Protein chains: 2
Amino acid sequence: MEDEVDRLVAAWRRERPDLDVEPLEVLSRVSRLARHLDRARRLAFSEHQLEPWEFDVLTALRRAGTPYQLSPGQLLTQTLVTSGTMTNRIDRLAKKGLVERLPDPSDRRGVLVRLTDEGRDRADQSLAGLLAQERAILAELSRAQRGELAALLRQLTAPFDNIPG
Amino acid sequence: MEDEVDRLVAAWRRERPDLDVEPLEVLSRVSRLARHLDRARRLAFSEHQLEPWEFDVLTALRRAGTPYQLSPGQLLTQTLVTSGTMTNRIDRLAKKGLVERLPDPSDRRGVLVRLTDEGRDRADQSLAGLLAQERAILAELSRAQRGELAALLRQLTAPFDNIPG
DNA sequence: ATCAACTGTCTTGACATCGAGATAGGTTGC
DNA sequence: GCAACCTATCTCGATGTCAAGACAGTTGAT
C-alpha cells in the first residue's frame with residue numbers, strides 16, 4: 001500500500017533527479033508517524049482527562065518505582081524537553097495535586113519531584129489505555145516484524161541516547 | 001547497543017509485570033527518534049536561517065513543480081498541521097517574501113500559495129543540507145536494512161495516510 | 001581556604017500551535 | 001431559484017515550548 005511519503009519521494013525524483021533522496025524513505029516516515037501518534041495519543045488520553053505531556057511526566061515517575069521520585073534533571077533526559085519546559089510542567093502538575101516538590105536532602109540546589117497517590121493512579125490507568133491503542137496500530141505487523149522494526153529503530157536511537165546530545 | 005527505550009521497557013516490566021508493554025518497543029522509539037530528528041533538523045537549518053516549519057512548507061511547494069503553487073488545504077495534508085496554523089505560516093512566509101498568496105481563479109473561496117524565486121532557492125539549498133545530515137544518521141544501517149525499515153514503517157503509516165484521519 | 005568553573009533549577013519573553021467558531025462561497029435536490 | 005448543507009480559509013484566545021540568562025550551590029585546583 002502506498003503512503004504519503006511514497007508520493008513525496010516520487011515528486012522529488014521528478015523535480016530533483018540530480019539528488020539521492022533515499023534518506024527520506026526512512027526519516028520522513030518516522031516524523032510523520034510520530035505526528036500521527038501524537039494525535040492518536042491525545043485522543044486516547046482525553047478519556048482520562050490527561051494531556052500527553054502530563055502522561056510523559058507521571059509515567060516517568062511511576063517507572064522509577066517507590067518512592068516514585070526523580071529530579072527535574074532526570075525527567076529532562078527521559079522526556080527530551082528543555083529545563084524551562086520541565087519547570088513549567090512540574091508547576092502545573094503540582095497545582096493539580098498529581099506531584100509534589102521536595103528539597104533534595106543531598107544537594108541544596110536540587111529538588112525531587114514525587115508522585116502523589118492520585119498521580120500514581122492516573123499514571124497506571126492511562127498506561128493501560130495507551131497500550132491498547134498502540135496494539136491496534138501495530139496489528140498491521142506480525143510479531144516477528146515488530147521485533148525487526150524495534151531492532152532497526154534501536155540502532156538509530158542508540159547514538160542519540162548514549163552520546164550526550 | 002542499549003538505548004533509553006530498553007531502559008524504559010525494563011522499568012515497566014519490573015514495576016508492572018502484569019502488563020505486556022511490547023508495543024512500546026516500537027512506538028516509543030518512533031516518538032523519541034522524531035524528537036531527536038527535530039532537534040537535529042533545527043540545527044541543520046539554522047545555517048540557512050530557516051526554521052523546520054518554513055522548510056516543510058517551502059519544500060511542499062517546491063515538490064509540486066512549476067508553477068510551484070498549492071492551496072492551503074493541500075499544504076495541510078502534507079504537513080499535518082491545523083488550518084489555523086497554516087494560515088499563520090503562510091502569513092509569515094509571505095511577510096518574508098518567500099511565498100505569495102493568489103486568488104484561486106476556479107474557486108472564489110480558495111487561495112493559491114506560490115513560491116517566489118527566493119523561496120525556491122532557499123528550498124533547494126536547504127534540502128541538500130538536510131539530506132547530508134540524514135545520511136549521516138542513517139549510516140548506522142546497511143542499504144538493505146534501510147530498505148527493510150522503510151517498508152516496515154510504510155505499513156504503519158499507510159492506514160493514517162489513506163483512511164482520512 | 002579560596003576562587004574559578006561548573007551544575008541544577010528557575011525566570012522571562014517571544015513565538016508557534018491548537019481548537020473552536022466565523023465567514024464567504026459552492027453544491028445538491030427539489 | 002432557493003434552502004440546506006458542505007467546503008476552504010481565516011480569526012481569536014489559550015496554552016505549551018523554547019532559548020537565553022539568572023541564581024544558588026557545589027567541586028576541584030592550588
Side-chain angles (χ1 to χ4, degrees), chain A residues 31 34-43 45-46 49-58 69-96 98-114 164-165, chain B residues 31 34-43 45-46 49-58 69-96 98-114 164-165:
Chain A
S31 295
R35 282 195 74 76
H36 287 305
L37 287 176
D38 262 3
R39 292 183 172 187
R41 289 208 293 165
R42 199 173 308 267
L43 248 148
F45 291 142
S46 64
Q49 270 106 32
L50 217 57
E51 300 291 321
W53 64 263
E54 295 178 295
F55 176 86
D56 288 342
V57 177
L58 296 181
Q69 60 188 24
L70 291 172
S71 70
Q74 292 172 307
L75 288 170
L76 290 191
T77 70
Q78 295 207 30
T79 54
L80 298 177
V81 296
T82 61
S83 65
T85 297
M86 187 52 68
T87 298
N88 187 21
R89 287 184 175 187
I90 295 166
D91 286 348
R92 285 174 282 153
L93 287 171
K95 201 169 298 177
K96 291 178 75 170
L98 302 178
V99 306
E100 54 191 343
R101 241 190 274 248
L102 308 171
D104 182 338
S106 68
D107 183 339
R108 264 185 300 176
R109 291 167 305 181
V111 166
L112 289 174
V113 181
R114 175 148 66 188
Chain B
S31 296
R35 282 194 74 76
H36 287 305
L37 287 176
D38 262 3
R39 291 183 172 186
R41 289 208 294 164
R42 200 174 307 268
L43 247 148
F45 291 143
S46 65
Q49 270 105 33
L50 217 56
E51 300 291 321
W53 65 262
E54 295 178 294
F55 176 86
D56 288 342
V57 177
L58 296 180
Q69 60 187 24
L70 291 172
S71 69
Q74 291 173 305
L75 288 169
L76 289 191
T77 70
Q78 296 208 29
T79 54
L80 299 177
V81 296
T82 62
S83 63
T85 297
M86 187 52 67
T87 298
N88 188 21
R89 286 183 174 188
I90 295 166
D91 286 348
R92 285 172 284 153
L93 287 171
K95 202 169 298 176
K96 291 177 76 172
L98 302 179
V99 306
E100 54 190 344
R101 242 189 274 250
L102 307 171
D104 182 338
S106 67
D107 184 339
R108 264 184 301 176
R109 292 168 303 180
V111 166
L112 290 173
V113 181
R114 176 148 64 187

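We use all heavy atoms of the structure for the numbers below, so side chains are in, but hydrogens, waters and symmetry mates are not. Within every chain, numbering begins at 1; the chains are lettered A, B, ... in the order of the sequence lines, protein sequences first and strands thereafter. A quick note: this is a predicted structure, and the numbers were derived from the prediction, not measured.
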Pairing residues for B/Ser31 by the side-chain contact (heavy atoms from CB on, under 4.5 Å) criterion, not counting sequence neighbours:
A/Leu37

Length of the CZ-C1' vector between A/Arg41 and C/dC18, whole Å
17 Å

At 4.0 Å (heavy atoms only), tell me whether A/Asp104 reaches a base, stays on the sugar-phosphate, or touches nothing.
nothing

Could I get the full list of side-chain hydrogen bond (donor to acceptor under 3.5 Å, both in side chains) partners for B/Arg92, not counting sequence neighbours?
B/Asn88

Quick one, A/Leu112 with A/Leu70, criterion side chain to side chain contact (heavy atoms under 4.5 Å, CB included). Give me CA distance, side-chain angles, the key distance, then yes/no.
CA-CA 5 Å; A/Leu112 289 174; A/Leu70 291 172; over 6 Å; no

Listed by chain and number, what are the side-chain hydrogen bond (donor to acceptor under 3.5 Å, both in side chains) partners of A/Thr85, not counting sequence neighbours?
A/Thr82

Any donor-acceptor N/O pair, A/Gln78 side chain to A/Leu75 backbone, under 3.5 Å:
no

Atom CE of A/Met86 and atom C1' of C/dT11: how far apart are they, to the nearest Å?
16 Å

Sidechain N-carboxylate O distance under 4.0 Å for B/Lys96, B/Asp91:
no

Give a yes or no on whether the backbone of B/Leu80 and the side-chain of A/Arg35 come within a donor-acceptor separation of less than 3.5 Å.
yes

Nucleotide of C/dG25, C/dC15, C/dT7 approaching B/Arg92 most closely (side-chain heavy atoms):
C/dC15

Nucleotide C/dC18, atom C1' - distance to CH2 of B/Trp53 in whole Å
16 Å

In whole angstrom, what separates A/Leu76's CG from C/dG8's C1'?
9 Å

Taking five pairs at each terminus, the helix from C/dA1-D/dT30 to C/dC30-D/dG1 shows an axis bend, to 10°, of 30°

Would you kindly give the CG-to-P distance between A/Asp91 and C/dT9, to the nearest whole Å?
13 Å

Are the side chain of A/Ser46 and the backbone of A/Gln49 linked by a donor-acceptor contact shorter than 3.5 Å?
no

Span of DNA chain D engaged by chain A, first through last nucleotide within the 4.0 Å heavy-atom cut-off, is D/dG16 to D/dT26

Between C/dG8 (P) and A/Leu75 (CG): distance, integer Å
14 Å

Among all residues two or more places apart in sequence or in another chain, which pass the side-chain hydrogen bond (donor to acceptor under 3.5 Å, both in side chains) test with A/Arg108?
none

Starting from C1' on C/dT9, measure out to CD1 on A/Ile90 and report it in whole angstrom.
9 Å

Without decimals, in angstroms, what is the distance between B/Asp56 CG and C/dA16 C1'?
13 Å

Would you kindly compare A/Leu80 and A/Ser106 by the position of their nearest DNA chain D nucleotide and give the one closer to the 5′ end?
A/Leu80

Hey, does A/Gly84 reach any base, or is it just sugar-phosphate, or nothing, if we go heavy atoms under 4.0 Å?
base

From the list C/dG25, C/dT17, C/dC10, which nucleotide is the closest neighbour of the side chain of B/Arg109?
C/dG25

